[in-house]
Amino acid sequence: MSVRVRMAPSPTGLIHIGNVRTALFNWLFARHHGGEFRLRIENTDTSREVAEAAAHIQESLRWLGLDWDGPVTFQLDRMADCAEVARRLVDEGKAYEDEGAIRFRMPDEGATAWDDVVRGHVEFPNEKLEDLVLVRSDGRPTYNFASPMEDVWDGITHVIRGEDHISNTPKQINIIHAVGAELPVYAHVSHVLGADGKQLSKRHGSVNIDDFRRDGYHPSALMNFLALLGWSYDDKTTIMSRDELVERFTLERVVPSPAAFDYQKLDWMNGVYLRALPPEEYADELVRFLREQGYDWDEELVRRAAPLVQDKIERFGQFAEFAGFLFREIEPDPALLDGDTPVVAAARDELERVEPFRAAEIEAALRGLAERLELSPRKAFQPIRIAVTGSKVSPGLFESLELLGKEESLRRLSAAAATSAA
RNA sequence: GCCGCUAUCGUCCAGGGGACUAGGACGCCGCCCUCUCAUGGCGGAAACCCGGGUUCGAAUCCCGGUAGCGGUACCA
């Protein structure tokens with residue numbers, strides 16, 4: 001039998017990264033088995049905000065590379081079908097009217113149980129199950145009625161969802177039994193916590209896909225990282241391509257305990273992905289990122305700067321701070337230059353004679369200068385770096401000077417020599 | 001309160017009766033490389049929640065406790 005799963009987010013604002021991880025597990029499971037991954041929006045109203053949230057969810061999944069099968073469906077579209085089933089259940093005595101609403105009769109004795117793929121046997125005493133409202137007095141079905149019914153109608157074989165749904169499951173199982181349908185396999189995935197082990201929230205930084213996108217993370221890195229939150233292939237493998245993930249993913253290796261989101265590990269992993277990119281592709285993505293973020297920096301210069309930063313930064317979002325000196329004015333802190341102005345001045349004079357103004361020639365000239373001044377390369381180059389980049393941290397100095405250009409380099413060196421001397 | 005889920009280095013995972021002197025990764029610390037920062041290489045510190053039980057033997061199985069989380073809606 002072919003596998004069919006679904007992601008059923010509610011369109012309330014931006015989609016949370018924990019839900020994205022659940023979506024990823026669904027997607028990996030479906031692709032691994034050559035089955036279908038459906039997207040269903042659990043809307044209860046048709047407001048403008050809902051429409052925007054639904055669009056945002058799709059955009060987020062698409063960016064991560066999670067494609068779905070078939071059209072996006074909306075819960076509200078099956079309102080009438082739900083009402084009909086509810087009426088039938090009333091006729092059969094399995095549900096009853098209660099002040100305009102329709103309530104489902106839960107069994108009073110025994111227990112409702114299922115074998116959860118990630119948690120094993122789970123069992124709830126039926127006496128704890130209250131008769132739940134199927135249809136509200138205004139005619140709209142409730143989530144615990146509509147959701148399992150849609151799973152039935154859509155032929156969902158595996159329900160992979162967050163652990164917050166564990167206690168909804170016995171209710172939904174009883175409803176599915178009542179309508180005489182077959183039960184899906186359930187897999188309840190744990191929650192994703194913030195770095196402090198508390199609920200992931202805004203104060204932890206990025207919690208929705210837009211944030212990760214804005215910070216310059218690579219979708220493949222984020223996917224790899226998310227996959228490892230609660231799942232592993234073995235005891236050694238960490239870096240896995242999207243194809244490897246699909247090939248290796250199984251629900252059996254998903255752990256039941258909650259996972260804390262470690263931003264430092266994500267940063268490291270993103271760096272691994274960015275460094276592994278072919279230079280050309282790296283430049284393309286960097287350019288695209290900067291454009292998306294609203295920078296109007298010269299594309300040609302960005303492309304030339306790309307190789308200088310590729311193994312230096314972990315996120316595209318760091319480019320502006322790290323290489324921004326190439327594109328805008330700088331203001332070196334005079335305190336950082338304290339006592340080093342003679343070196344800066346000497347470097348200025350030395351570089352004035354360098355022709356062509358290329359990294360190799362620049363390096364030869366500056367190394368010669370350091371030697372003559374009897375300064376270690378470290379001591380000699382740092383003031384120059386500060387004068388030219390405005391920072392103690394920068395891409396390679398000689399390459400940076402070349403990209404900056406002779407005229408601008410000399411101008412900055414002169415300025416620094418003058419400013420701090422005063 | 002009641003019901004349920006969870007519990008291995010700081011973090012993510014591996015290990016599921018003897019192979020454990022508990023393995024890998026991030027992070028951290030040290031050394032090497034080095035124009036800064038990174039990258040890369042080498043090394044190090046770091047964990048089985050607590051208490052009972054089962055067993056020749058428990059990180060692993062069972063029970064209890066504790067803690068965290070979820071649910072307990074005419075929310076999803």
Side-chain angles (χ1 to χ4, degrees), chain A residues 8-12 19 41-44 75 98-103 116 118-120 122-130 132-147 161-171 188 190-199 225-239 253-269 271-272 275 308-314 318 322 363 366-367 370 375-386 389 391-401:
Chain A
S10 58
T12 51
N19 293 134
I41 306 293
E42 308 265 287
N43 64 325
T44 43
Q75 185 177 89
D98 176 28
E99 290 181 17
I102 297 177
R103 268 184 202 279
D116 198 287
V118 341
R119 277 151 220 275
V122 182
E123 191 174 299
F124 283 76
N126 284 337
E127 57 174 330
K128 297 294 172 191
L129 269 27
E130 287 178 9
L132 68 87
V133 170
L134 260 24
V135 179
R136 302 176 175 90
S137 4
D138 67 3
R140 287 150 58 227
T142 58
Y143 164 79
N144 273 315
F145 179 43
S147 185
R161 66 203 336 186
E163 65 171 323
D164 47 320
H165 288 292
I166 290 177
S167 46
N168 287 327
T169 305
K171 305 172 193 170
H188 288 94
S190 68
H191 284 148
V192 174
L193 277 20
D196 55 2
K198 293 272 180 2
Q199 193 75 39
F225 178 79
L226 252 22
L228 256 18
L229 240 39
W231 174 84
S232 67
Y233 174 58
D234 57 19
D235 62 334
K236 299 275 193 297
T237 315
T238 305
I239 302 297
R253 288 196 65 85
V254 171
V255 298
S257 48
F261 197 106
D262 184 352
Y263 291 91
Q264 286 185 310
K265 186 169 184 176
L266 204 217
D267 283 353
W268 163 78
M269 190 174 283
V272 170
R275 271 177 256 122
L308 304 195
V309 304
Q310 185 163 9
D311 63 350
K312 303 267 189 186
I313 62 176
E314 296 179 309
Q318 294 169 317
F322 195 69
E363 176 167 5
L366 291 183
R367 285 198 186 279
L375 286 172
S376 66
R378 183 197 197 82
K379 282 288 278 179
F381 299 158
Q382 196 62 350
I384 302 173
R385 179 192 322 282
I386 289 164
T389 72
S391 169
K392 290 188 289 189
V393 177
S394 80
L397 178 58
F398 319 120
E399 292 79 3
S400 294
L401 285 163

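Chain naming here is simple, since letters A, B, ... match the order of the sequence lines and numbering starts at 1 in each.
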message: Does Asp235(A) contact A25(B) through a side-chain donor or acceptor facing the base, at a distance under 3.5 Å?
response: no
Selected nucleotide, minimal atom distance to Ser394(A) side chain, candidates C37(B), U36(B), A25(B): U36(B)
- request: Name the nucleic acid region contacted by His188(A), choosing base, sugar-phosphate or nothing; use a 4.0 angstrom heavy-atom cut-off, strictly under.
  value: nothing
- prompt: Is the phosphate of U34(B), meaning OP1 or OP2, less than 4.0 Å from a side-chain N or O of Arg378(A)?
  reply: no
- request: Tell me which nucleotide among G27(B), C37(B), U6(B) gets nearest to the side chain of Pro256(A).
  value: U6(B)
query: So do the side chains of Glu99(A) and Ser137(A) get within less than 4.5 Å of each other, counting heavy atoms only?
result: no
field: Side-chain donor/acceptor of Lys312(A) to base of U36(B), under 3.5 Å
entry: yes
query: Picking from C37(B), C74(B), U72(B), which would you name as closest to the side chain of Thr142(A)?
result: C74(B)
- request: Among C35(B), C12(B), G4(B), find the nucleotide with the atom closest to the side chain of Pro125(A).
  value: G4(B)
Out of A76(B), U36(B), A38(B), whichever nucleotide has its closest atom nearest the side chain of Asp311(A): A38(B)
query: Say you pick atom C1' in C42(B) and the same atom in A58(B); how far apart are they, in whole Å?
result: 37 Å
query: Where the side chain of Lys236(A) is concerned, which of G24(B), C12(B), U6(B) is the nearest nucleotide?
result: G24(B)
- request: Would you kindly check whether a donor in the side chain of Arg119(A) faces an acceptor in the base of C5(B), or vice versa, at under 3.5 angstrom?
  value: no
- prompt: Any side-chain heavy atom of Ser190(A) sitting closer than 4.5 Å to one from Ser257(A)?
  reply: no
- prompt: Which nucleotide in the set G40(B), C26(B), U72(B) lies at the smallest distance from any side-chain heavy atom of Trp268(A)?
  reply: C26(B)
query: With no angle test and no hydrogens, is the base of C3(B) tied to the side chain of Ser167(A) by a donor-acceptor pair under 3.5 Å?
result: no
- request: Choose from U36(B), C13(B), A76(B) the nucleotide whose nearest atom is closest to any side-chain atom of Ser10(A).
  value: A76(B)
query: Looking at the side chain of Ser257(A), which of C12(B), U6(B), G40(B) is the nearest nucleotide?
result: U6(B)
query: If you look at every strand shown and take non-hydrogen atoms under 4.0 Å, does Leu228(A) touch a base, only sugar-phosphate, or nothing?
result: sugar-phosphate
message: Taking only side-chain N and O atoms of Arg103(A), does any of them lie within less than 4.0 angstrom of OP1 or OP2 on C74(B)?
response: yes
message: Nearest to the side chain of Asp262(A), heavy atoms from C-beta on, is which of A14(B), U72(B), U11(B)?
response: U11(B)
